[in-house]
S.K.: 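Provided herewith is a single structure, encoded as structure tokens, for subsequent inquiry.
Reckoned from all heavy atoms, side chains included, excluding hydrogens, waters and symmetry mates.
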Amino acid sequence: MRLPVFVGWVCAGVLCAQPVTFERIVNSKAEPQNWLTYWGDYGAQRYRDLKQIDTSNVKNLRVEWIFQTGQSGAFETVPLVVDGIMYFTAANGFAYSVDARSGRQLWQFKYPMPDGVKLCCGTVNRGLAILGDLLFMVTPDAHVLALEARTGRLVWNREMASTDQSYGATLAPLVVKDKVIVGVSGGEFGIRGFVDAYNAKSGERAWRFYTVPAKGEPGGETWLADSWKRGGGATWMTGTYDPKLNLLYWGVGNPGPDLFGEVRKGDNLYTAGLVALDADTGKLKWHFQFTPHDTHDWDGCETPMVLDIKWKGRDRKVLAQANRNAFFYLLDRETGEFLMAKSFARQNWATEIDAKGRPVLSRNADPSPEGNRVCPGLAGAANWMPPSYNPETGWFYFPVREQCDVFFSAPPVYVEGKAYWGSMFRGQTEEKEWGLLKALDPLTGETKWDFRYYKAPWAGTMATSGGLIFSGDEDGYFMAFDAKTGKNLWKINTGNRLVTAPITYTVGGRQYVTMPSGSALLTFALP
Amino acid sequence: MGKTVRKLLLVFIPAALCAQSSFDQGRALFRSNCAFCHGMTATGGRGPNLVSAPLSHGDTDVSIKRVIRIGVPGTTMPAFSEFTDEEVGQVIQYLQSLSKSSLRNENVPGNPQHGQQIYGEKDCSGCHRIGGQGSIFGPELTRIGGARSIEYLRDSIIKPSADVPEGYEGVTVVMKNGKRIRGLRINEDTFSIQLRDPSQQIRMFQKDELIGVTHETESMMPAYDRLSATDLQDLVAYLATLRGAVDSSAAVKKAGGIK
């Protein structure tokens, strides 16, 4: 008997093998069984309407399976789940596909990195993007790859920029329509950052947006002399996207040299800020700079979460970001208009943020030859770890790092391929760091509850309609909290620091929660 | 100005600038990487005096370079393995400019024999260990003379809370029955704590089984601030003689810093 041609589209048993289209990603919340993009949804709310695991039974959560990658280095991936199949990356150029119910491997891919290549930014990788039958990933040496989702076979391989100039890449790509959007790392090495878009099928570059304008371009006047050529502005974290406005929101990293601002006097656009780009053309729609002329490595690369809220009685399309500089920001995402900033952690670098969103600087908060103690420290009060949003509480959940550093400065010499810091920072060993999981009302910036961690965390959060927030701490505890009260309802010591954010999905009606730890991918379920 | 002079100036000015810049680089590297332990003027602190005391591992450029590059096993001196040859050279040049080898023969005032007697009388070995003798409750002192400056040793005796070494922070836990247990923190995380009590028993708790955990700002060591000036000087002189060998099998810490 001849099978009907649409057999591939028919759900057989529990598995449903439809190709992942742009429309499916736009409507990803309508298929909570899957996790179709790095953030789980274009707006990065990281909320799933799944409630099999809830506040009453989460105490029974147990390990269902463990996948051991054997790869050393921070395991920062966020897996994708598509109709029962999980795809994820590990450090050192590895990618995997496994059965999401059993953790059994379907294929493994290893990027054949050329020998002797000098890497600016380690070998960490944060995950994949999918469109149709192709997966996309970046490599430590700043290439973009397309892999066949069914086999892991390499389909195309494009270099974004040369490692000789210290470019690297670590992020999970973002697929929008027929394009793969990616960014680069290397902000400590005098690169000139950019956001790139590649045609998903052919791998041809569709557009490039430089985050550091050249002399003569708009914004070029914010850089002293030719300092823009080494201006930094890495784009090392995945952006978010609003399909209705067709705008990409991409965070921009620190200006270079990081800690010595004298050689790059000016605001140094668009570093330590956020750019809104037309997804089709890469043209700049608007920009906002959180930390003009940053000298503390406070990248603007933290998650720009897309929220629709009632702001002062009016429906407003906003972006919410807990910034590395210790302020929580609300911006109008159509225009970039500054709406609000409120500090959420100890900070001593700004006396206030003015009505236009510009910080009023404190004295003695700049790095100096003798060192100045500044809060937050170089790693920031927030960082790349994704926050989440629960529409039922209306609150924003994110990890907070309470830690200060002493910042030193000295004039650096630029040598291509070498670090371009302008001196260094040092931890305040006399002051103990600590961390918080914070629930914050994004309308006011007020704290609704805090859960205190012993150390400053590096793990993001996830929210579910089961009334739960999942996150992890630096000692390796993976935990579930009551979204309303902040009560810790479940924990497991995973034995390694947690440095990414969890996901949840279902296969055959059963809900799973996945979190990487060490070199193991841990998946949990109710008995 | 004659042509020759101008030519010479053209040669000498860049050379002088270069030397100055190299000195400045050395000072900047020292301040941001080394001063935390060795002090802004390199006269010591938590780490040894590098200007006017003998250097335990030698004071030639080659030996200083080795210490910077590979660290000192079993001590808090980490390995700055990411420094380039040029950077290590700049730090050494800066250090050598602060001191001449002849200066590195610091004369420690006081009578070390009498200091040793004070050490015994005050029962310091009740908490500290020297060459395998004594308790492990407090920091080991076998090579403390080579590891700390004289000022730091003096302060540690009369104001021990001024700087509590890592691994010797005091904590008090309050159990649900009201019982308080004081000890040194061995480990701690969000949900549990492990400590060593003064009888050297290891005590382990889940925090939800406790009423509270207090991190003490004061050192567990009592302040010996009533010693006579002579006794204090002699005790410091004795401690300064303790320059036992380091445990070369111990792990070397790697400097986490970035230049």
Side-chain angles (χ1 to χ4, degrees), chain A residues 188-189 257-260 297 367-372 378-379 405-413 415 418-432 434-437 451-457 471-479 487-488 490-495 497-498, chain B residues 17-18 20-37 39-41 45-47 76 78 80 82-84 86-87 90-91 94 161-167 169 171 185 187-194 206-208 212-217 253 255-259:
Chain A
E188 277 62 58
F189 291 78
D258 297 48
L259 308 178
F260 190 79
D297 193 14
S368 73
E370 294 78 24
N372 265 330
L378 183 121
D405 279 328
V406 179
F407 288 81
F408 296 86
S409 69
V413 179
V415 179
K418 287 193 71 177
Y420 190 48
W421 278 92
S423 203
M424 73 167 290
F425 64 103
R426 190 194 71 215
Q428 279 285 102
T429 54
E430 303 86 350
E431 296 176 11
K432 241 182 216 323
W434 75 91
L436 299 171
L437 175 63
F451 183 88
R452 188 174 169 123
Y453 297 148
Y454 184 64
K455 289 184 186 146
S471 195
D473 77 2
E474 192 62 3
D475 289 306
Y477 286 101
F478 183 44
M479 297 167 277
K487 187 172 184 228
N488 174 237
W490 172 82
K491 67 173 189 293
I492 179 172
N493 182 349
T494 67
R497 49 194 294 262
L498 299 176
Chain B
L17 281 176
C18 203
Q20 183 59 30
S21 148
S22 174
F23 175 87
D24 287 348
Q25 287 293 326
R27 182 173 58 190
L29 285 167
F30 183 86
R31 280 174 167 176
S32 52
N33 290 281
C34 321
F36 182 50
C37 290
M40 274 300 200
T41 54
R46 191 176 283 174
T76 49
F80 290 85
E82 285 171 15
F83 273 31
T84 62
E86 190 188 2
E87 287 162 340
Q90 287 165 343
V91 172
Y94 172 67
S161 299
D163 185 37
V164 179
E166 199 182 336
E169 295 117 331
V171 277
R185 182 179 50 240
N187 205 347
E188 183 173 357
D189 64 29
T190 301
F191 297 101
S192 74
I193 183 163
Q194 298 75 30
Q206 288 290 308
K207 288 183 178 173
D208 61 2
V213 177
T214 313
H215 298 110
E216 314 219 348
T217 50
K253 291 177 35 162
I258 300 146
K259 292 151 313 238

S.K.: Taking atom NZ of B:Lys207 and atom OH of A:Tyr454, what is their separation to the nearest 0.5 Å?
M.R.: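 Separation between the atoms: 6.5 Å.
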S.K.: Under 4.5 Å heavy-atom distance to chain A, tell me which part of B:Glu166 shows up: side chain, backbone, both or neither.
M.R.: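 No part of it gets close to chain A.
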S.K.: Grab the two heavy atoms, one from A:Glu370 and one from B:Met40, that are nearest each other, plus how far apart they are.
M.R.: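 Distance-wise, the nearest heavy atoms are O-CE, 3.0 Å.
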S.K.: What I'd like to find out is whether the side chain of A:Phe451 reaches to under 4.5 Å of the side chain of B:Thr190, using heavy atoms alone.
M.R.: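 Of all side-chain heavy-atom pairs linking B:Thr190 with A:Phe451, at least one is under 4.5 Å.
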S.K.: Measuring from B:Phe191:CZ to A:Asn493:CG, what's the distance to the nearest 0.5 Å?
M.R.: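 If I round to the nearest 0.5 Å, the distance is 10.0 Å.
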S.K.: Does any backbone or side-chain atom of A:Glu188 lie under 4.5 Å from a heavy atom of chain B? Answer side chain, backbone, both or neither.
M.R.: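 For A:Glu188, no heavy atom lies under 4.5 Å from chain B.
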S.K.: Which pair of non-hydrogen atoms, one from B:Thr84 and one from A:Lys418, has the smallest distance, and what is that distance?
M.R.: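 For B:Thr84 versus A:Lys418, the nearest heavy atoms are CG2-NZ, 3.6 Å.
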S.K.: When you measure from the side chain of B:Gln25 to the backbone N and O of A:Pro412, does any donor-acceptor pair fall under 3.5 Å?
M.R.: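 No: the side chain of B:Gln25 does not pair with the backbone of A:Pro412.
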S.K.: With a 4.5 angstrom heavy-atom cut-off, could you sort out which part of A:Phe408 is near chain B: side chain, backbone, both or neither?
M.R.: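 The side chain, not the backbone.
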S.K.: Could you pull out all residues at least two apart from A:Tyr477 that satisfy side chain to side chain donor-acceptor pair (under 3.5 Å)?
M.R.: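 With neighbours one apart ignored, the set is B:Asp189.
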S.K.: Check whether any side-chain heavy atom of B:Phe36 sits under 4.5 Å from a side-chain heavy atom of A:Val406, and report yes or no.
M.R.: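 No, side chains not in contact.
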